[in-house]
Amino acid sequence: MNNLGYYNGKIGLIEEMSIPMTDRAFYFGDGVYEAVLCRNNIPYLLSLHIDRLYTNCQTLNIHIPMDKKSMAKLICSLVKRVDSYEKFIYFHVSRGSALRSHIYEITDGNLCIMITPFTVGNLSERVNTVTYNDIRYQMCNIKTLNLLPSVLAAQYAKENNCDEAIFVRDGMITEGSHCNVSILKENLLITHPADCYILPGVARAKLIKYALEEGITVCERRYKKEEMMEADEVLITSTGKIIRAVGAVDGVAVGGKSKSIFSRLCERMYSDYIASTGG
Ligand code: PLP
C-alpha cells in the first residue's frame, strides 16, 4: 500500500477512510496523539511514545481500548503493509463517540492510525526560523489534538520562507511549533524545563542523555530570546527532524560557533536511530 489508514479495526488508504461525525476528535479535538519514525519496518522508540500516549490519556481520563503491548503489536503489524523503507506513523486516541456535548461519559476511546512514506532529511542542513508569540494554554506538556496555535505558527513560518516557528512567551523561549528548542553556550546545554509550557519531547530526552554522556553540562531553565541569539548553537529536536541546528532566527544568523559539539550530538542521535532500526 502507498499509505495506510486504520480506524477502530478498519483499514484502507487514508484518503478513502472515513470517521463518524460522533467522534469527539472531530468536533472538540478531544484526544491525544503520537508520531513515530519507522525504518526497515521497525518503529523507532515506539515504547517511549506509547508510554507518553498512555500517560497523557490517563491525565485526561481518556480510556484506550487496548493495553500497551497490544498497541505496539498492532502498529508493528500495520507498518509492514506500507511500501517504503522509511515511514511516519501518526496515531491518536480520541475520547470516544457521542453526540456533541462538553460533558463526557467514560467510554472506550477511538484509535486512529495513519502510516505514510517519509524521509529523514539531511541533519547537517541548518533550519531557518521565525519567532511567534506563544499564545498556547497551560497544557503544552500534553500532546493533545488541539494544535491551532501551532498550525498558525507553522504557517507563519512557511509564509516567511522558514522551516520552523519558535514560540516566545513573556520574552522567554519555550519551544517550536513542532519541536523542542535548546541552546549551546560553551560546554552548557540550556533547555526549557519540562513544565506545562513545553512538550517533553522524546528527542529532547535523547539530546539531554547524549549531551551528558559527551561531558556537556545540562541546565533545564528558562532563557530569553536575547540569550538564544547569542548562543554558540541553537538546536531543535523532534521525532521527524531528529536534531538540527538553527541557521537564522527572524532573518538574523545564529549559532555556527560550536560545530564540533553539534556534530557529535548529531552523530549520537542519528546513530541511535540507525542502530535501533536494524543498523
Ligand atoms: N514540541 C512540540 C510542540 C511538538 O509538537 C513536538 C513534536 O511533535 C515536539 C516538541 C517534539 O517532541 P518529540 O521529540 O517527542 O517528537
Side-chain angles (χ1 to χ4, degrees), residues 29 31-39 43-57 75 86-93 114 116 118 120-121 123 127 129-158 162-169 172-183 189-211 218 220 222 228 234-246 265-266 268-270 272-273 276-277:
V32 170
Y33 78 100
E34 276 300 327
V36 175
L37 267 186
C38 179
R39 179 179 165 271
Y44 177 50
L45 305 175
L46 181 60
S47 62
L48 295 180
H49 288 278
I50 288 183
D51 283 349
R52 185 168 65 184
L53 182 83
Y54 276 73
T55 303
N56 284 334
C57 281
I75 291 171
E86 277 186 307
K87 296 164 225 196
F88 199 74
I89 309 164
Y90 167 91
F91 51 114
H92 78 224
V93 177
M114 292 186 251
T116 45
F118 188 77
V120 172
L123 267 54
V127 298
T129 64
V130 276
T131 53
Y132 195 85
N133 191 18
D134 195 344
I135 49 174
R136 300 173 303 162
Y137 57 5
Q138 292 170 16
M139 289 170 79
C140 303
N141 53 320
I142 299 176
K143 210 165 161 63
T144 86
L145 299 178
N146 300 114
L147 289 176
L148 189 54
S150 298
V151 166
L152 297 178
Q155 181 66 18
Y156 177 76
K158 185 173 167 24
C162 286
D163 314 287
E164 184 52 279
I166 295 179
F167 284 126
V168 184
R169 190 186 286 263
M172 299 288 178
I173 302 301
T174 50
E175 60 180 339
S177 69
H178 44 325
C179 64
N180 289 115
V181 182
S182 307
I183 57 174
L189 178 81
I190 305 164
T191 190
H192 193 285
D195 57 17
C196 64
Y197 296 112
I198 68 156
L199 182 81
V202 169
R204 174 184 175 276
K206 282 273 172 195
L207 173 65
I208 291 175
K209 172 178 149 52
Y210 290 130
V218 175
E220 291 186 63
R222 302 197 310 152
M228 174 175 76
V234 180
L235 308 177
I236 64 168
T237 50
S238 70
T239 291
K241 287 209 157 55
I242 303 184
I243 180 168
R244 300 291 163 93
V246 173
L265 292 171
C266 200
R268 297 290 304 270
M269 303 274 285
Y270 190 67
D272 187 66
Y273 167 55
S276 308
T277 51

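Bear in mind the structure is a predicted one, so any value in this text is a computation, not a measurement. First listed ligand is number 1; within each ligand, the first listed atom is number 1. Just so it is clear, the values below take in all heavy atoms, side chains as well, and ignore hydrogens, waters and symmetry mates.
- Among residues two or more places apart in sequence or in another chain, the side-chain hydrogen bond (donor to acceptor under 3.5 Å, both in side chains) test is passed with Thr239 by none.
- Within the 4.0 Å heavy-atom shell around ligand 1 one finds Cys179.
- Shortest contact from atom 8 (O) of ligand 1 to any protein heavy atom: Lys143 NZ, 2.9 Å.
- On a distance-only criterion, Ala203 and ligand 1 share at least one N/O pair closer than 3.5 Å.
- By the criterion of a heavy-atom distance under 4.0 Å, neither the backbone nor the side chain of Tyr90 is placed next to ligand 1.
- Every residue two or more places apart in sequence or in another chain was checked for a side-chain hydrogen bond (donor to acceptor under 3.5 Å, both in side chains) with Arg222, and none qualifies.
- When only interatomic distances are considered, the shortest N/O to N/O separation between Val202 and ligand 1 falls below 3.5 Å.
- Here the rule is side chain to side chain contact (heavy atoms under 4.5 Å, CB included) with Ile89, and of Val36, Leu37, Leu46, Thr116 only Val36 fits it.
- For the side chain to side chain contact (heavy atoms under 4.5 Å, CB included) with Arg204, the lone residue among Thr191, Leu199, Leu235, Ile236 that qualifies is Thr191.
- Note that the CD1 atom of Ile173 and the OH atom of Tyr197 stand 15.5 Å from one another [nearest 0.5 Å].
- Heavy-atom contacts of Ser177 reach the following atoms of ligand 1: 3 (C), 5 (O) (cutoff under 4.0 Å).
- Below 4.0 Å from some heavy atom of Gly201 lie the following atoms of ligand 1, by number and element: 12 (O), 13 (P), 14 (O), 15 (O).
- Taking distance alone, with nitrogen or oxygen atoms compared against 3.5 Å, His49 stays at or beyond that limit from ligand 1.
- Around atom 5 (O) of ligand 1, the closest heavy atom drawn from His178, Glu175, Arg52 belongs to His178.
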